[in-house]
Amino acid sequence: MGGRREAVDCREDLMSEKREVRVRVAPSPTGDPHVGTAYVALFDYVFARHCGGKFVLRIEDTDRARSTPESEEAILRALRWVGLEWDEGPDVGGPYGPYRQSERAEIYREHAFELVRRGHAYPCFCTPERLAELRAAQIKAKEDPSYDSLCRRLPPEEAERRAQAGECHVVRLNVPDEGETVVHDRLRGDVAFRNALIDDQILLKSDGFPTYHLANVVDDHLMRISHVIRAEEWLSSTPKHVLLYQGFGWELPEWLHLPLLRNPDGSKISKRKQPVSIDYYRDIGILPEALRNFLALMGWSFGGDREKFSTEEMIEAFSWDRVTLGAPVFDMEKLAWLNGAYIRDLSPAELLARLREWRLGDDFLLRLIPLVRERIRRLDEFVPATTFFFAGDLDYAEAPPLAPKNQTPAEAAKMLTAALEILDAERDMDADALDARLRTLADEKGWKARELFMMLRIAITGRTVSPPLFETLRAVGREITRRRLRQAAALLKGS
RNA sequence: GCCCCGUUCGUCCAGAGGUCAGGACACAAGAUUUUCAUUCUUGUAACAGGGGUUCGAUUCCCCUACGGGGUACCA
């Protein structure tokens, strides 16, 4: 591909459009800081800097059930660690705030009503039950499941009266039945979608909060976003966004959908198959500049044979023409090689400073000391007693057998997987909570708690002897702990 | 199922009609090194298939196959 791609430098773009370049990354605080967020943010950041534009961070926390302040905090911290500073955001402010969508609920509501007034949206009173039945019937009849636009045909007065009376409802996008909507993607050219196949998307949920589609479009417009850079998974919902912009009578932004990062098997990168948390890469000692360089290589090339380059150099050389649309597999081996190259470029003093920032600083060592103090008699026993706190993956071939004596490897793998789910849910790794939950788990499944705990101990430390289990897990860290459990479970399944 | 995107060595990229299809990771062999690592040299390895367009297609178009994404009162 590439033929259709306009070879326009954004600086010319700037001049011809007289529009300030403003980009944003818009993570949803519903989990761990995702490496995909860092990937998109890198391109946002680099493009903004290249053009002298602004990079905005916006928190999309409209999913009230799944969003948490802890997750938001972790995402901000992780993005900063990667080295991608934003010009405007919830923590630094800016002229177009607030930058947290939960604080903008009223704005979306007004805009939803405005769209209803303009005839591009309508209230819908259908119950979840009716929707489910409709869906089931459509699937049975081998039709595409989609809303049948029943409430679109409601007389406006009746809809108004019922809404006023407080009847539970949502607001849906009024998608034309005919014609097609064209999305202009800067990287792919025009992509056409038949309107008949676009669902009357819910814009405002019955809890009064907007869905992604409404909030995203309203904010991008209000925040003067000029280029919407996001992952490819959004491409198919972009026609809805085009319809929204048109419904409001707003100028369209430029869309650029970046390819999705992939697992080794080619599927969208996911925690079951590949560590996806930025914190994981930090904890195994990946340098942020190496991570940035590596992520840049996923879909962008410097030109010439340059593999290793600084973010500053990338900013200088950046061009959308050099973006690839293929599906890049996140290759840990190449990341490790690149990281090694960065480490070798550090002076001994700089490397020492990096090691201290990582885990060889006073803070971390001070956390370990209470755990091992009563277990050592000589200072020289400290390092051997704590090696697993300073490692990523463990070599289970060198460790005692993972599975309890009377348990099959398959059953042992199940035990580890079940424990993993508990750890996934227990974000702050509270020792008492973990203890209680794991004991309950063992009870329910008929496993011996001591066997479960011993297996966890071996999986996490590679030994049968260690400091107290939960204190150890906390110190090893959530990411490395989870990684080891997955590795151990995979090993058992394979044996 | 339907809609959309994609497809060059195992992996990440280069290649914008005529190249011995190039580099990097990984792998293999060799050199350097007391060892290991680093470094250097060399090697194995790819244009998914079929039709067009063209004097000539990896490159442009179409079809098929394969991969992926989407198809929620999640983002």
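A note on names: the letters A, B, ... follow the listed sequences, proteins ahead of strands, and every chain is numbered from 1.
For R322(A) and rA16(B), the shortest distance from a side-chain N or O to OP1 or OP2 is not below 4.0 Å. For rA72(B), one of the phosphate oxygens OP1 or OP2 lies less than 4.0 angstrom from a side-chain nitrogen or oxygen of R135(A). Contact annotation: K240(A) does not reach the phosphate of rG70(B) (side-chain N/O to OP1 or OP2, under 4.0 Å). Residue S301(A) has a polar side-chain atom (N or O) positioned under 4.0 Å from OP1 or OP2 of rA14(B). Residue K205(A) has a polar side-chain atom (N or O) positioned under 4.0 Å from OP1 or OP2 of rA75(B).
Here the separation of rU54(B) from rU71(B), taken at their P atoms, is 44 Å to the nearest Å. Comparing rC12(B) with rG18(B), their C1' atoms sit 28 Å apart, to the nearest whole Å. rU7(B) and rC13(B) have their C1' atoms separated by 15 Å, with the value rounded to a whole Å. For the P atoms, the distance linking rC4(B) with rU11(B) amounts to 27 Å, nearest Å. The same atom, P, is picked in rC20(B) and in rA57(B); the two are 16 Å apart, to the nearest Å.
Residue R262(A) is in sugar-phosphate contact alone, with no base atom involved, counting any heavy-atom pair closer than 4.0 Å across all strands shown. Within the nucleic acid shown, P29(A) has no heavy atom closer than 4.0 Å to any nucleic acid atom. Within 4.0 Å (heavy atoms only), F193(A) reaches sugar-phosphate atoms of the nucleic acid but no base atom. Note on R306(A): nothing from the nucleic acid sits closer than 4.0 angstrom, heavy atoms only. Contacts of E333(A) with the nucleic acid, taken as non-hydrogen atoms under 4.0 Å apart, involve only primed sugar atoms and P, OP1 or OP2. Contacts of I202(A) with the nucleic acid, taken as non-hydrogen atoms under 4.0 Å apart, include base atoms. Across all strands shown, S267(A) has heavy atoms under 4.0 Å from sugar-phosphate atoms exclusively, and none from any base. Among the atoms of the strands shown, only primed sugar atoms or phosphate atoms (P, OP1, OP2) are found under 4.0 Å from some heavy atom of G299(A). Heavy atoms of A192(A) sit under 4.0 angstrom from primed sugar atoms or phosphate atoms, though from no base atom. K142(A) comes within contact range of no nucleotide atom at all, as no heavy-atom separation falls under 4.0 Å.
Checked against salt bridge (charged side-chain N to carboxylate O under 4.0 Å, His left out), K271(A) has the following partners two or more places apart in sequence or in another chain: D424(A).
If you take OG1 on T211(A) and CG on N216(A), they are separated by 9.5 Å, rounding to the nearest 0.5 Å. Residue S267(A) holds its OG atom at 8.0 Å from CZ of R262(A), rounded to the nearest 0.5 Å.
Closest to the side chain of K334(A), from the set rG23(B), rC13(B), rG69(B), is rG23(B). Taking every side-chain heavy atom of L235(A) into account, rC4(B) is the closest of rC73(B), rC4(B), rA75(B). Each of rC12(B), rG69(B), rC4(B) was ranked by its minimum atom distance to the side chain of L297(A); first place goes to rC12(B). In this structure, the nucleotide among rC3(B), rC73(B), rC4(B) sitting nearest to the side chain of L197(A) is rC3(B). Nearest to the side chain of T211(A), among rC74(B), rG15(B), rC4(B), sits rC74(B). Side-chain proximity of E307(A) to the nucleotides rU39(B), rG23(B), rC4(B) is greatest for rG23(B). Considering only side-chain atoms of L325(A), the nucleotide from rG6(B), rC12(B), rU38(B) that sits closest is rG6(B).
Within the shown strands, rC27(B) is the pairing partner of rG43(B) under the Watson-Crick or G-U definition, both distances less than 3.5 Å. If you check rG1(B) for Watson-Crick or wobble pairing at under 3.5 angstrom, you find it paired to rU71(B). Base pairing analysis places rU7(B) opposite rA65(B); the two distances defining the Watson-Crick or G-U wobble pair are each below 3.5 Å.
Between F55(A) and E85(A) the shortest side-chain heavy-atom distance does not fall below 4.5 Å.
The residues D219(A) and R100(A) are annotated as not salt-bridged, no charged nitrogen and carboxylate oxygen being separated by less than 4.0 angstrom. Using a cut-off of 4.0 Å between Lys/Arg side-chain N and Asp/Glu carboxylate O, R161(A) and E157(A) are scored as not salt-bridged.
Geometrically, R172(A) engages Y147(A) in a cation-pi contact defined by less than 6.0 Å to the ring centre and at most 45° from the axis. Cation-pi check for K308(A) over Y342(A) is met; the charged atom lies under 6.0 angstrom from the ring centroid and within 45 degrees of its normal.
Judged by distance alone with a 3.5 Å cut-off, no donor-acceptor contact links the side chain of T324(A) to the base of rC13(B).
Two rings, from F47(A) and W320(A), have their centers less than 6.0 Å apart.
Of the residues in residues 106-132 of chain A, C126(A), P128(A) come within less than 4.0 Å of RNA chain B through at least one heavy atom, sorted by number. Contacts between residues 57-85 of chain A and RNA chain B, counted as heavy-atom distances below 4.0 Å, involve E60(A), T62(A), D63(A), R66(A).
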For this session: Start with the C-alpha distance between E158(A) and R162(A), add both sets of side-chain angles, then the distance that settles salt bridge (charged side-chain N to carboxylate O under 4.0 Å, His left out), and finish with yes or no.
Result: CA-CA 6 Å; E158(A) 184 190 338; R162(A) 288 168 68 177; 3.2 Å; yes

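A straight line from CH2 of W234(A) to C1' of rG68(B) spans 17 Å, rounded to a whole angstrom.
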